[in-house]
Amino acid sequence: MAFQVRTWSESAFALGAAQTIAGSLAAVGSFVLTGGRTAALVYEHLARATIDWSGIEIFFSDERCVPPTDDDSNYKMVKTKLLDAAEPGEVFRIHGEDPPDVAADAYNDNLAAVAGGFDLMMIGMGAEGHICALFPNSPALTSSRLSVAVDRPDGMKGITMTPRALLMAKKIYIVERGTEKADAVRRAMNGDEPASTVPVRVLAEPPDVTFLIDEPAASLL
C-alpha cells in the first residue's frame, strides 16, 4: 500500500489533522503518541475535542533518556498539551530516567503485551526522513526487538520503537508541516531510496499510513 496524503493550508493544518485523528479514535483501544513541535500543535486541538478517553491506552513512539519532568521529555510535553486534559484510561510511558537498556527492556515487555496490535499511531518525521528515534543507518532499523536504546545524533541517549513495533499498528498518521519537510515528504513518496537512508520508508507497505501535512510540506509532490 502506498502512502496516502491529506493536505491543509498552513492556518487550517493543526485543527484539520486533529479532527482527522479524533475521527479515527475508538472508544476502547490503544493510541501511540509522539513528541515534536508539530505534534504539540495537534495535541492542543485534540485536548479540546469531544472524545471519551477513559477506555484508551496511551503508548509512546520514543523518548529521550531524561526524567519525565525534563523539558526534553516527550512525555512531559504530551502530558502538558494533551494528557492532563484527556485523562486516558492508562498511560505506558517510557522510563527515560532509568538506564537506557533497562528502560528499553521494560518498554519492550509493555509492547509485547499489546494483544492484536495498536489501534492508532501518530508520529512525526524529521527533515532527513527519520521517524521516532530511527535515524538514517541506525542499527535499530533492523532490530528484531520492539524497543531498543539508541544513540541520537544530538548526542543524547534515547529509547525507540523499532520497525517491528511500528508495523503492529493498524493505522498510522504522520503529521508534518513546513517547507523544511517538503524534501523528506518527496523522498518518502518517491520510493527510490531504501529505509536505511530514509527511515520513514519502513512504513511504505501495510499498515494503513497517511501523511497529514500542510501545503508547504506538500510543495514538492
Side-chain angles (χ1 to χ4, degrees), residues 17-18 20-22 24-36 38-40 42-43 46-47 49 51-68 70 72-98 100-125 130-134 140 143-150 157-175 199-200 202-203 207-210 212:
T20 300
I21 292 166
S24 296
L25 275 173
V28 177
S30 50
F31 186 17
V32 180
L33 302 178
T34 191
T38 298
V42 176
Y43 293 148
L46 270 179
I51 298 170
D52 180 4
W53 292 91
S54 62
I56 298 175
E57 295 180 336
I58 299 296
F59 293 83
F60 288 82
S61 64
D62 65 291
E63 182 59 277
R64 296 175 183 84
C65 290
V66 295
D70 193 287
D72 284 328
S73 167
N74 287 341
Y75 170 78
K76 179 181 179 179
M77 183 276 284
V78 176
K79 182 177 185 295
T80 301
K81 297 292 185 179
L82 175 62
L83 300 183
D84 284 345
E87 298 182 350
E90 191 165 5
V91 177
F92 295 89
R93 75 172 180 87
I94 302 171
H95 289 258
E97 70 274 24
D98 292 343
D101 288 338
V102 172
D105 285 347
Y107 200 56
N108 190 82
D109 291 343
N110 285 339
L111 300 181
V114 178
F118 306 107
D119 294 292
L120 186 63
M121 180 179 292
M122 171 182 160
I123 59 175
M125 181 184 66
H130 88 263
I131 52 175
C132 310
L134 298 169
S143 175
S144 62
R145 290 168 53 84
L146 299 173
S147 171
V148 294
V150 295
K157 293 283 188 179
I159 310 296
T160 186
M161 282 186 171
T162 64
R164 181 184 165 204
L166 298 180
L167 292 171
M168 290 169 57
K170 299 171 185 174
K171 190 175 189 67
I172 299 175
Y173 288 120
I174 303 173
V175 296
V200 69
V202 302
L203 301 177
D208 178 8
V209 185
T210 302
L212 307 181

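- Annotation: the span from F60 atom CZ to I159 atom CD1 amounts to 14.0 Å, rounded to 0.5 Å.
- No side-chain heavy atom of I172 sits under 4.5 Å from any side-chain heavy atom of F118.
- Side-chain atoms of L167 and P207, non-hydrogen and from C-beta on, do get closer than 4.5 Å to each other.
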Taking it one step at a time, do L83 and L33 satisfy side-chain contact (heavy atoms from CB on, under 4.5 Å)? CA-CA 11 Å; L83 300 183; L33 302 178; 4.3 Å; yes
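- Between K81 and L46 there is no side-chain heavy-atom pair separated by less than 4.5 Å.
- Using cut-offs of 30° and 60° for the angle between ring planes, the F59 and Y107 rings count as tilted.
- No side-chain heavy atom of L120 sits under 4.5 Å from any side-chain heavy atom of I56.
- When side chains are defined from C-beta on, L134 counts as touching L166, because their heavy atoms get closer than 4.5 Å.
- Between S147 and L111, the shortest heavy-atom distance links the atoms CB-CD1, 4.1 Å.
- Minimum heavy-atom separation, G36 to N74: N-OD1, 4.4 Å.
- E63 and S73 share a side-chain donor-acceptor pair at under 3.5 Å.
- Proximity of V42 to Y173: side-chain heavy atoms (C-beta onward) are nowhere separated by under 4.5 Å.
- The two atoms that bring V114 and M168 nearest to each other are O-CE, 4.2 Å, heavy atoms only.
- In this structure, the side chains of R164 and S143 stay at 4.5 Å or more apart for every pair of heavy atoms.
- M125 contributes atom CE, which lies 9.5 Å from atom CD1 of I131 (distance to the nearest 0.5 angstrom).
- Nearest heavy atoms, L203 versus V209: O-CG2, 3.5 Å.
- Side-chain contact between R64 and D70 is absent, with no heavy atoms from C-beta onward closer than 4.5 Å.
- In this structure, OG1 on T20 lies 5.5 Å from CG on L212, to the nearest 0.5 angstrom.
- Expressed to the nearest 0.5 Å, how far CE of M161 lies from OG1 of T34 amounts to 10.0 Å.
- Across all their heavy atoms, A103 and H95 have their closest contact at CB-O, 3.2 Å.
- Remark: the backbone N or O of G158 is not paired with any side-chain donor or acceptor of D62 at under 3.5 angstrom.
- No donor-acceptor pair under 3.5 Å is formed between the side chain of T162 and the backbone N or O of A140.
- Scanning both residues, R145 and A104, for their nearest heavy atoms gives NH2-O, 3.6 Å.
- Atom-to-atom distance recorded for K170:NZ and D119:CG is 4.0 Å, nearest 0.5 angstrom.
- Atoms CD1 and SG, from I94 and C65 in turn, are 9.0 Å apart once rounded to the nearest 0.5 Å.
- Crowding of D101 atom CG: a count of heavy atoms from other residues, nucleotides or ligands under 6.0 Å not exceeding 12.
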